[in-house]
Amino acid sequence: MSKNRQIKTFFFMSLFLFLVSCTKSGNLGGTAATSGGSFGGSVRGAITGGLSAVTGATINLMVAGNPSPLASAVSASDGSYSLTFSNPGGNGLLYLTVTGGNAGGGSNSKAQFLAIAGTTSSPVTVTPVNELTTAVTEQVALNFEILTDANGAISLSAPLNAAASSNVAAQYTNLVANGTLNTGNVNLTTGTQNGLNVLANAFASCIESPTKCSALFTTSLSSTSAAALSVLESGVNALNNSSNDASSLYTLAFPLNSTTGFTLTSSSPPSGFTFNNPLAVNSISSTAGAISSGSPIVSGIAIDSSGNLYIAGSMNSAAGTVTKISPTGALIGVFPAGTNARNLAIDAAGNVWVSDAQAGQVTELNASGTLLGTFSTGTNSGPIGVAIDASGNVWVGGNTVAELNSAGTLLGNTTAPSNFIEIDASGNVWGVSFSDTALREFRQDRSLMNSFNTSSTTLITDAIDSSGNILLTTFTGHTILKYSANGILLNTLSLSGNVRGIVTDSSGNIWAAGGATLSGFNAAGISLGSYRGTALVGLAVDSLGNIWTTSVNGALEFTGVTTGPEFFPYSGPMFPGGGQGN
């Protein structure tokens with residue numbers, strides 16, 4: 001054999017072995033695709049209805065937002081299935097749909113199941129499927145607003161971005177592990193466990209005994225629609241209408257305790273029972289007990305240049321504290337800060353300035369929580385909003401706006417009120433007030449530059465976007481008002497609850513906390529979707545584009561929601577403050 005032929009033979013054999021190796025590693029590990037290519041993957045598990053194997057069911061592996069399955073199979077006599085697929089790469093959300101089959105009560109064309117199987121960049125190769133995985137998938141999909149219902153045909157739309165796909169999958173695994181509830185998750189409350197078990201048992205009533213399907217479809221009636229058209233739609237109706245017909249669902253669910261393993265402790269709904277108990281989108285941020293005692297509403301929130309989260313105390317319990325949380329949700333410390341800490345901002349040195357609504361002062365702490373000083377805000381009583389300009393001066397909003405230098409010396413007060421304040425790219429201060437309908441602009445010397453009548457009362461928060469437009473909210477009006485720097489009303493956006501916090505990201509998107517919902521809008525006011533929380537208040541966006549918000553229970557993190565960090569129009573510190581709550 002010639003030398004050239006030997007070299008060619010060696011090259012092609014090496015290439016063949018390399019391709020075989022890549023294919024095998026894709027099947028075994030589910031590793032990420034190379035740029036522009038695809039790789040092999042596999043998902044296997046078993047389908048069970050209650051504690052029985054479901055035979056003859058059709059399983060489809062789907063990528064959220066794509067109507068065509070990646071792979072399909074039929075469950076074996078022991079309920080097992082195995083799917084091998086060509087992975088398209090990227091980070092799409094993977095989920096399984098199961099239809100039909102026999103769970104021991106005869107062939108049942110109405111039977112349906114769901115489960116999440118990770119993402120295309122990280123498939124979960126062993127994925128059990130049962131009624132509980134179905135309930136959890138619907139709960140999580142509703143939580144991220146990606147569940148679609150087309151006349152009873154339920155599917156998952158694509159999450160907003162790749163990071164959101166990972167977070168959907170992460171929340172699923174935080175709630176269910178190996179087909180059972182993950183009770184090690186601190187955010188999985190007794191109420192949520194009970195609701196998911198009720199829904200799973202209710203599904204099982206139809207899947208195990210097809211004659212009971214009509215009862216399931218009618219007991220979870222929506223207040224605005226007829227009976228459900230499918231098992232999955234009955235779950236959607238129950239989760240969206242949490243108080244509807246709970247007793248009838250319990251009647252279906254409770255007798256199945258001994259045959260499904262989804263345990264209920266009572267044959268009737270406990271007081272105040274609901275299905276759609278809000279869940280923290282990221283469970284690592286559960287720090288409720290560390291923030292303060294009781295159930296106060298915490299308000300101010302800010303993020304430093306290292307990604308640490310600072311939360312001001314309660315407006316209701318006069319809690320004079322600041323809580324510091326790491327970027328991963330771990331509690332760093334709780335530090336004294338006056339008598340009624342309301343809002344805060346972080347200067348270029350990493351020091352935290354905290355308004356004290358009860359004492360009429362502002363408190364300065366260093367990054368370790370050590371008190372550096374307490375400073376009077378002059379004629380400003382009940383200070384709330386805090387902002388820091390490019391010169392390091394501290395502005396504190398209240399019945400007047402006080403300006404202090406970086407040493408805490410009072411430089412003066414405005415003659416007009418503004419409870420919540422923001423600083424634009426020119427260094428001018430914009431503010432709104434509880435007490436009237438004005439949007440005010442102050443010069444750097446604290447003189448009033450402009451006052452625009454909004455014709456709206458209870459103005460409580462404001463923000464400035466990348467185009468210099470001013471965004472303000474009406475608490476009881478459930479609206480966001482967008483004004484140009486010339487005071488022209490550009491847009492009015494509606495939310496579902498009392499608006500307590502607002503922030504803009506670097507892409508010009510608007511994020512607002514309205515009731516128990518985080519809502520997003522692009523610069524044109526088109527909805528980007530909404531996410532469930534619990535009585536959300538202040539908002540801040542970190543350098544990765546994750547949104548952190550305060551609530552009645554502490555802090556929640558919504559990951560993979562935005563495409564960039566918070567927008568700040570001035571040349572001050574990277575994260576000087578967050579969206580202010582009231």
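For the numbers below, each heavy atom of this structure counts, side chains included, while hydrogens, waters and symmetry mates do not. Predicted model only: the values in this text are computed from it and were never measured.
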Any donor-acceptor N/O pair, [X] side chain to [Y] backbone, under 3.5 Å:
X	Y	answer
Asn87	Thr120	yes
Arg443	Val429	no
Asn340	Asp356	no
Gln444	Ser426	yes
Thr173	Ala170	yes
Asn486	Ile488	no
Ser355	Asn343	yes
Thr414	Val401	yes
Asn413	Thr377	yes
Ser527	Phe521	no

Please round to the nearest 0.5 Å and tell me the distance separating atom [atom1] of [X] and atom [atom2] of [Y].
X	Y	atom1	atom2	answer
Glu441	Leu448	CD	CG	9.0 Å
Thr549	Leu309	OG1	CG	10.0 Å
Glu422	Ile470	CD	CD1	10.0 Å
Thr473	His478	OG1	NE2	11.0 Å
Met62	Ile116	CE	CD1	13.5 Å
Glu364	Leu344	CD	CG	13.0 Å

CA sep, side-chain torsions, deciding dist, call: Thr148, Ser155, side-chain hydrogen bond (donor to acceptor under 3.5 Å, both in side chains):
CA-CA 5 Å; Thr148 59; Ser155 61; 2.7 Å; yes
Does any part of the side chain of [Y], heavy atoms only, come nearer than 4.5 Å to the side chain of [X], both counted from C-beta?
X	Y	value
Ile303	Trp548	yes
Val322	Ile311	no
Asn380	Asn399	yes
Ile421	Phe442	no
Arg440	Ser418	yes
Asn428	Met449	yes
Leu472	Leu439	yes
Thr504	Ser466	no

Stepwise side chain to side chain contact (heavy atoms under 4.5 Å, CB included) test for Leu489 and Lys482
CA-CA 6 Å; Leu489 180 62; Lys482 182 176 181 177; 5.7 Å; no
How far apart are the closest heavy atoms of [X] and [Y], and which atoms are they?
X	Y	result
Val168	Pro159	CG2-CG, 4.2 Å
Ala345	Val386	CB-CG1, 3.8 Å
Asp347	Ala349	OD1-N, 3.0 Å
Gly360	Pro383	CA-CD, 3.6 Å
Ala513	Leu539	N-CD1, 3.6 Å
Asn351	Asn366	OD1-CA, 3.4 Å

Leu156 vs Leu93, test: side chain to side chain contact (heavy atoms under 4.5 Å, CB included). Steps then yes/no.
CA-CA 9 Å; Leu156 304 187; Leu93 179 67; 4.2 Å; yes
Check: Trp353 ring centre within less than 6.0 Å of Phe375 ring centre
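Yes, the ring centres sit under 6.0 Å apart.
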In this structure, is the centre-to-centre distance between the rings of Tyr95 and Tyr172 below 6.0 Å?
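Judged by ring-centre distance (under 6.0 Å), Tyr172 and Tyr95 do not meet the cut-off.
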Side chains of [X] and [Y] only: does a donor on one sit below 3.5 Å from an acceptor on the other?
X	Y	answer
Ser484	Asn469	no
Asn509	Ser507	no
Ser166	Asn91	yes
Ser368	Thr370	no
Trp395	Asp389	yes
Ser519	Thr517	no
Thr454	Thr437	no

In sequence, state the C-alpha distance, the side-chain angles, and the governing distance for Leu481 and Thr492, and then conclude on side chain to side chain contact (heavy atoms under 4.5 Å, CB included).
CA-CA 5 Å; Leu481 305 177; Thr492 299; 3.7 Å; yes
Could you walk me through whether Asn419 and Ser433 pass side-chain hydrogen bond (donor to acceptor under 3.5 Å, both in side chains), step by step?
CA-CA 5 Å; Asn419 297 105; Ser433 175; 3.1 Å; yes
Evaluate the criterion side-chain hydrogen bond (donor to acceptor under 3.5 Å, both in side chains) for residue pair Thr479 and Thr474; output intermediate values, then yes/no.
CA-CA 5 Å; Thr479 57; Thr474 64; 2.5 Å; yes
Evaluate the ring planes of Trp430 and Phe452, with Trp represented by its six-membered ring, and classify them as parallel (under 30°), tilted (30 to 60°) or perpendicular (over 60°).
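Geometry flag for Phe452 against Trp430: parallel rings.
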Starting from the C-alpha separation in whole Å, work towards a yes-or-no answer on side chain to side chain contact (heavy atoms under 4.5 Å, CB included) for Ile510 and Asp465.
CA-CA 8 Å; Ile510 304 163; Asp465 69 16; 5.9 Å; no
